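All heavy atoms count here, side chains included; hydrogens, waters and symmetry mates do not. We count residues from 1, following the sequence as given. From a predicted model like this one, the values you see are computed outputs, not experimental measurements.
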Amino acid sequence: SSDETEDATCDNDGTCSFVSEPSVPPECQLVMAESTLPNGGWGVFTLIDRPERGTPLLYGDVVVQVTDLNHTYAAALRRLLDDYWWSAEETGGFYEGQQVLSSIPGIGMLANGLIVQEHNVLPFVPMVDEAGLTRTESPGAGAITHYHNYTWFVKKPMVAGDEIFVPYSPHWFSERNARIQQNAPASRKTTTRRHLEFLRQYGFCLDNVKPGRSVLPDAGRGLFAARNIRQGSVVLPVPVMAITDPRALDITRVKKPSSQVDYSKQLLLNYCFGHNESSVLLYPYGPGMHLVNHGGGQYTNVRLEWDTVPNDVSWTNLTQWQDPQAPRAPKFLLKLIALRDIAVGQEILLDYGPDWIEAWVRHVETWTPSSPGKYEEPYTPSYVMDDVVKVLRTQEELQTYPYPANIFTSCFYRYEDIARSTQVDDTDPSTLVTVQWQQTRHTFEFMNLRPCTVLERNESNGLFTVRILNRFGLSAKERVPSVHIVTHVPRKAIRFSDKLYTTDQHLKNAFRHPIGLSDDLFPDQWKDLKVKDF
Ligand SMILES: C[S@@+](CC[C@H](N)C(=O)[O-])C[C@H]1O[C@@H](n2cnc3c(N)ncnc32)[C@H](O)[C@@H]1O
């Protein structure tokens, strides 16, 4: 087989002839390029051999938790929903709301998935913290995701040129699986690798940058140059996906028992591009862009530009964007371009535009600290509790010495394994069943985290006796049917968790505004809200 495009041909031995210079820096180790799967859209490829299992592929992704999706307008997210959601069971976002979907816009969205053990990378749990933006002090509280550093690790040794595939999971939407399956070539071993010269010529480097804590106040995390970047060169590719109606990101929640309706917007909005004369939002995917902050003025060191200019008719038909059967091309690809030389370690800063700036300034001026719902101060986020609480309290001790009201305890516990191995008969809901905690291969995966109450602390061996409870989203085979007591639980299997709807992303006064895409970049065809001259 050979890779052919309009201006290059590569032979089987890897020699290619090109008309222009490669755009990928020689040190680059990971690129985005066209997938080897037919209809696969973009893919991710390694430029180096990766013989060692367990090594990180790239810096970690952010995860944006979307809660209680607005079903009336969900069609405007159809493409995202069909192809790109992950289960909150895998990212640990299930305590954010009754229904939670996780968006993993980095490698999680950009790389293709393969079924049955064909994947070569595996994700590990994300880190969760507020990046220094506390709800009592920062107007940025709740405006950024707490879930980050969701890192993909090499599962199968790879050689330079191999395409990266993330695992199919049962939680992926079946439509996607069916299509990927159809597209999977008969013999993947020869066809999921691309010539290095092709990748260096037509790929876009993904590791020019890395995440860090922003230098700007109230901004949270940011993106930084991982190597010196020359003026005019591509810092990052920014493929975008359309959300054709912004109301898809509205959240309406009816409060019980008052029937009062709470209205808010999804945190995902802050990670989208928008324009004030359009109802189209563009959600970037691929690693990096989600961490780029607004600089403004002299601080701005990058700008966006389209890879291909949007004048084609296919750009007009917005409904086509949501058609899951449509091929992934045309590719809506923006690029982040360096406005000047950027030195390694400098923060990458974009100009978010006048609408965003105005909204942010107004927000900062009017912002006052608050907490969501009925859980008033003292508030302590779960990850802080995990750090500071040395001795877990029993139910009895909590009567006189309670934890903060936003907190409860959860245990890593796989009922399925225990039920199978001990043959307990707990079909009667009133029975009390006592079993011993055991660790199996999957115990510490997030999907096995569930509420539990500490009944006893054994001072001599440091182990706990707990009562296991059920939660929203737990699979049927994991739901305990009766009073379920587990002994010998180690401290590491018990975590603090935040009650539903209490974390910063649910704060009523959290900032919500899309990033402005400048007028010259925003195609006129999409300006449906523009006031027309008659
Ligand atoms: C696309 S995200 C950028 C990454 C974000 N800082 C994070 O930690 O996930 C956009 C959000 O970052 C914050 N942000 C970006 N630029 C900022 C700035 N100059 N000052 C304050 N906050 C900023 C705002 O909350 C904004 O809604």
Side-chain angles (χ1 to χ4, degrees), residues 64 105 133 138-145 214-223 231-232 235-236 238 240-250 264-284 288-307 309-310 315 318 332-340 342 346-368 509-533:
V64 185
L133 311 186
S138 175
I144 63 156
T145 179
S214 176
V215 297
L216 303 168
D218 303 312
R221 281 172 271 277
L223 196 69
Q231 176 178 357
V235 179
L236 252 191
V238 185
V240 289
M241 170 136 317
I243 296 174
T244 43
D245 188 332
R247 288 174 292 185
L249 300 187
D250 288 349
S264 57
K265 287 181 187 298
Q266 299 285 358
L267 173 60
L268 194 88
L269 186 67
N270 287 1
Y271 293 86
C272 292
F273 298 117
H275 189 282
N276 66 354
E277 291 174 339
S278 176
S279 53
V280 177
L281 293 169
L282 297 171
Y283 183 48
M289 181 60 221
H290 306 85
L291 289 169
V292 176
N293 288 314
H294 164 79
Q298 60 181 26
Y299 298 109
T300 304
N301 54 15
V302 290
R303 67 179 169 82
L304 284 162
E305 111 185 356
W306 287 106
D307 187 54
V309 181
W315 289 74
L318 294 180
F332 298 98
L333 176 62
L334 286 158
K335 295 178 294 194
L336 213 53
I337 309 283
L339 283 170
R340 51 182 144 93
I342 303 172
Q346 280 183 335
E347 184 164 358
I348 307 294
L349 294 169
L350 181 71
D351 191 331
Y352 281 11
D355 293 334
W356 185 89
I357 297 170
E358 198 194 313
W360 176 254
V361 169
R362 204 178 329 118
H363 172 75
V364 173
E365 276 168 11
T366 56
W367 181 83
T368 50
N509 61 351
F511 178 70
R512 293 287 181 270
H513 204 279
I515 299 168
L517 202 59
S518 64
D519 209 46
D520 55 318
L521 290 179
F522 209 90
D524 278 338
Q525 300 99 295
W526 303 345
K527 291 182 186 159
D528 56 334
L529 307 179
K530 191 173 182 168
V531 181
K532 299 210 171 64
D533 300 327

Keeping [X] on the side-chain end and [Y] on the backbone end, is there a donor-acceptor pair under 3.5 Å?
X      : Y      : answer
Ser278 : Trp526 : yes
Asn270 : Phe511 : yes
His513 : Trp360 : no
His294 : Asp351 : no
Asn301 : Glu347 : yes
Arg340 : Val302 : no
Trp306 : Leu333 : no

Worksheet item: salt bridge (Lys or Arg N to Asp or Glu O under 4.0 Å) with Asp250: which residues, sequence neighbours excluded?
Response: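 If we apply the salt bridge (Lys or Arg N to Asp or Glu O under 4.0 Å) test to Asp250, skipping adjacent residues, the hits are Lys265.
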Worksheet item: Sequence neighbours excluded, which residues qualify as salt bridge (Lys or Arg N to Asp or Glu O under 4.0 Å) partners of Arg362?
Response: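 Partners of Arg362 under the salt bridge (Lys or Arg N to Asp or Glu O under 4.0 Å) test: Glu358.
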Discussion item. Under 4.0 Å between a side-chain nitrogen and a carboxylate oxygen: does that hold for Asp519 and Lys527?
Written reply: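 Looking at Lys527 together with Asp519, the answer is yes, because their closest N to O distance falls below 4.0 Å.
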Worksheet item: In chain order, what residues pass the ring-ring contact (aromatic ring centres under 6.0 Å, His included) check against Tyr283, with sequence neighbours excluded?
Response: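 Partners of Tyr283 under the ring-ring contact (aromatic ring centres under 6.0 Å, His included) test: His290.
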Item to complete: Check Leu336 against Val238 and note the closest heavy-atom contact, atom names and distance.
Response: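 The answer is N-CG2, 4.2 Å.
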